[in-house]
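Step one of this worksheet: look at the structure below.
Order of the sequence lines fixes the chain letters, A, B, ..., with proteins taken first and strands second; residue numbering starts at 1 for each chain.
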Amino acid sequence: MAKRLKVANPARCIGCYSCMMACARTWYDTISLKNSRIDIQTRGGIETPYVQIVCHACIDPPCMRACPLGALSKRKGGGVNLNKEICDGCGNCIEACLMGAIHLDAENKAVICKHCGVCPKFCPHDVLEMVEVEDSGEVKITDTGPAPDTSPVSPTASHKDLYGGEEPGEEE
Amino acid sequence: MTTEEYAIEGLKNILYIDLGSQSYHVEERPDLYEKYLGGVGVATNLMLEEYKEGTGPLDPEMPIILSTGPLSGIYPTCTKAVALFRSPHNGELGESYAGGHLAMSMRYSGYETIVIKGASRYPVYVAVHDDKVTFRDASSIWHLSSAIDVGKILREVEPGAGRRSIIRIGPAGEMGVTYADVNVDTYRHFGRLGLGAVFGAKKLKAVLISGNRELKSPEHNAYRKTCNLLYDLIVKTGLTEKYHNLGTSENILVLNELKGLPTRNLQSAFFEGAETISGELFAEKYLLRRVSCAGCPIGCIHIAMLKRAFSKAHEYEALNISYDFELIYALGSNLGVADPEAVLELIEACEKAGVDIISMGVVLAWATEMQQRGKISTDETLGLELSWGDKGAYLRAIDLLVKAPNDFYRALGKGIAYASKKYGGEEFAIQLGGLEIPGYHTGLGNIVGLAVGFRHSHLDNAGYTADQKAFNHPISDEEIVDTIIEEEDRRSILNCLVPCLFGRNVYTYENVILALKSIGINRTEEELKELGKDIFRKKYELKKKFGFKFENLTLPKRFFETPSTTGMVEEERVRRAIEMYREKRGV
């Protein structure tokens with residue numbers, strides 16, 4: 001079943017950059033924010049809400065059309081797969097993406113999200129989600145009931161209750 | 001192991017900036033990083049190298065040293081940078097820690113440590129973008145009325161959004177208030193001991209640092225595994241729950257119940273209005289959102305929204321103000337302010353001025369008691385009448401203190417140790433080592449901890465936790481002293497690395513050793529403990545050079561008149577415990 005990344009709850013972002021660090025260390029052997037395929041940005045410092053730039057998993061990706069060498073091919077579930085060998089860093093794909101979700105790495109190769117699902121695992125606030133889509137990339141309509149109540153599970157449910165497992169050696 | 005084998009890049013660089021000649025150079029000091037890892041260890045040694053006998057805190061030659069450690073920008077919650085300087089507030093060791101984006105920006109810029117020397121003839125700011133350092137005229141932003149606005153302007157004129165840190169001073173730093181702070185990315189600060197005044201004396205309005213380097217670990221898989229383990233400990237266990245949830249302000253009600261919350265200049269340690277300025281109340285009525293320092297999944301920065309009507313036609317202004325326990329103590333209970341919106345407005349005024357809020361709150365509390373006791377009159381205050389809980393009077397006092405229109409307000413701008421020498425009231429000037437006290441009156445451990453601490457801060461050794469221990473199960477005074485010593489050494493080690501101390505229960509010896517090993521640095525627990533002791537010795541060497549003497553420590557009577565969490569504390573008992581500490585430490 002195909003899945004894609006979605007910014008489900010942008011206003012919950014605390015700007016911890018855990019997703020970016022996780023992406024970079026998973027797909028590059030480096031520690032950096034630079035090689036992340038997801039980009040958390042500030043618009044007015046941390047005084048204003050964060051902006052999450054991710055690949056939109058287009059059904060008919062303009063970046064693919066813009067690539068003169070055919071380094072990008074359609075991905076099952078929307079978006080593209082990159083053949084790094086072919087990419088020569090011309091940057092046409094960057095121009096084509098209105099989301100601003102593509103950039104070049106140190107070796108001048110495109111950095112494009114492959115919707116692998118690592119970053120949501122490192123989001124402490126459920127900003128990011130993997131959603132099921134058709135192979136074509138079309139959004140699947142699965143929920144037809146009332147929208148779920150987003151208030152806390154209980155008024156006192158805390159971060160620990162929401163995410164916690166056991167508590168190793170909590171002091172005091 | 002030699003530094004050449006460190007795979008983590010940048011663990012040898014020190015960027016020297018000279019404001020006088022507007023020049024800079026980089027020195028490689030693998031020797032220092034090898035021995036001291038980074039952070040306060042490297043900074044302390046550099047200060048010992050740089051300090052020339054007799055140089056005053058505000059002299060141009062006096063350096064500011066900013067330093068990060070091997071874990072900075074690498075592991076979750078390792079978000080702190082240390083600033084080392086000579087404090088213009090008490091002349092002693094100036095040491096302060098700040099979060100925000102600074103540590104990550106420094107690390108990714110490739111300069112793990114920055115030494116700023118000299119003074120400019122006119123206002124400047126320094127921008128560091130990876131390996132480029134530029135000096136720009138800051139005259140047009142000097143005299144701005146708000147430290148917050150400085151960030152707003154520099155964000156527009158400099159690149160690097162989201163990957164940079166902007167540290168800057170407000171009017172208090174320019175005017176030389178000795179407890180002026182340095183604002184770091186709006187909501188964090190180098191708060192205590194007056195780094196802002198040092199910036200001001202150097203005519204340094206701001207430093208902007210952005211970095212976009214890639215670092216490498218020698219064993220990427222080991223690094224990834226350790227990252228995952230630490231992330232899970234921080235996010236999925238209860239170890240940092242307090243900071244996820246209500247934040248530090250959770251302590252208002254806790255300390256009040258324990259009768260350890262300094263109130264009205266510590267005339268009491270219980271505030272009858274605590275309910276309305278509690279962390280619970282702020283969370284419920286004013287909390288707008290929480291944000292993080294770069295690289296920390298906790299999100300402890302609590303931001304309140306204060307919606308204020310300015311006309312009868314339903315017109316409002318909305319202010320976003322970050323709050324914490326110490327701020328609510330200093331501008332709330334200690335000033336008898338029970339109105340949460342008044343607390344937020346007072347915080348806002350201090351943020352704009354760019355002052356350390358703990359010192360400001362204690363200074364205002366002391367001045368209030370002075371006036372009530374008739375030791376000063378409206379002649380000194382220029383007509384202003386200070387009284388507990390009076391927001392309007394305190395807002396005006398903050399304004400006057402920064403503008404310093406007469407000797408009295410100028411004295412208030414130098415702190416209560418200075419002002420009480422001049423005007424009297426030393427017995428209720430609640431300071432230790434010349435630094436206004438934080439929000440604890442828990443007993444012996446707290447007082448001793450503040451007295452002996454490197455910089456007389458609760459963060460040196462958390463003496464109040466020794467009291468907490470004693471409160472739960474009575475322990476001897478010697479055990480309290482031992483607890484302080486042990487915690488002091490542990491924190492010295494952490495401050496070389498440099499995680500936020502909110503993650504101190506995540507970064508145990510075991511996990512620190514693992515985290516270092518996963519990036520190619522091998523240390524045993526014994527070696528780390530020896531490092532802690534080494535830093536202690538080095539810091540006391542520095543303190544001595546700056547003129548610290550135990551004999552000069554004054555203990556204000558007020559500490560011994562107001563019952564604490566663990567009962568009445570006698571001066572003699574404190575003196576004996578300090579002696580015990582000195583003997584055990586050999587200082």
Minimum side-chain heavy-atom gap [X]-[Y] below 4.5 Å:
X	Y	value
I148(B)	E47(A)	yes
F122(A)	N228(B)	yes
D105(A)	E214(B)	no

Are the charged groups of D232(B) and K121(A) less than 4.0 angstrom apart, N to O?
no
So how far is it from [X] [atom1] to [Y] [atom2], rounded to the nearest 0.5 Å?
X	Y	atom1	atom2	value
R107(B)	S32(A)	CZ	OG	12.5 Å
R12(A)	R289(B)	CZ	CZ	15.0 Å
H220(B)	T30(A)	NE2	OG1	6.5 Å

[atom1]/[X]: more than 12 non-hydrogen atoms of other groups inside 6.0 Å:
X	atom1	result
H129(B)	NE2	yes
Q41(A)	CD	yes
K109(A)	NZ	yes
E107(A)	CD	no
K140(A)	NZ	yes
D60(A)	CG	yes
E486(B)	CD	no
K352(B)	NZ	no

Looking at every non-hydrogen atom in both residues, tell me the closest pair between [X] and [Y] and how far apart they are.
X	Y	result
C16(A)	C296(B)	CB-O, 2.8 Å
Y17(A)	G162(B)	OH-O, 2.7 Å
T42(A)	A161(B)	OG1-C, 4.1 Å
R224(B)	R25(A)	CD-O, 3.4 Å

What residue in I166(B), T186(B), T77(B) has the most heavy-atom pairs under 4.5 Å with chain A?
T186(B)
Determine the option with the most heavy-atom pairs under 4.5 angstrom with chain A, choosing from C227(B), G151(B), S322(B), G299(B).
C227(B)
N212(B) portion near chain A, given a 4.5 angstrom heavy-atom threshold
both
Contact class of R155(B) relative to chain A, heavy atoms under 4.5 angstrom:
side chain
Using only atom types and a distance under 3.5 Å, with no angle test, would you say the side chain of Y187(B) pairs donor to acceptor with the backbone of I46(A)?
no
Where does A22(A) contact chain B at under 4.5 Å (heavy atoms): side chain, backbone, both or neither?
neither
Assess the residue pair Y75(B) and I31(A) against the criterion (side chain to side chain contact (heavy atoms under 4.5 Å, CB included)); give the C-alpha distance rounded to whole Å, side-chain angles, the decisive distance to 0.1 Å, and a yes or no.
CA-CA 10 Å; Y75(B) 288 113; I31(A) 305 161; over 6 Å; no
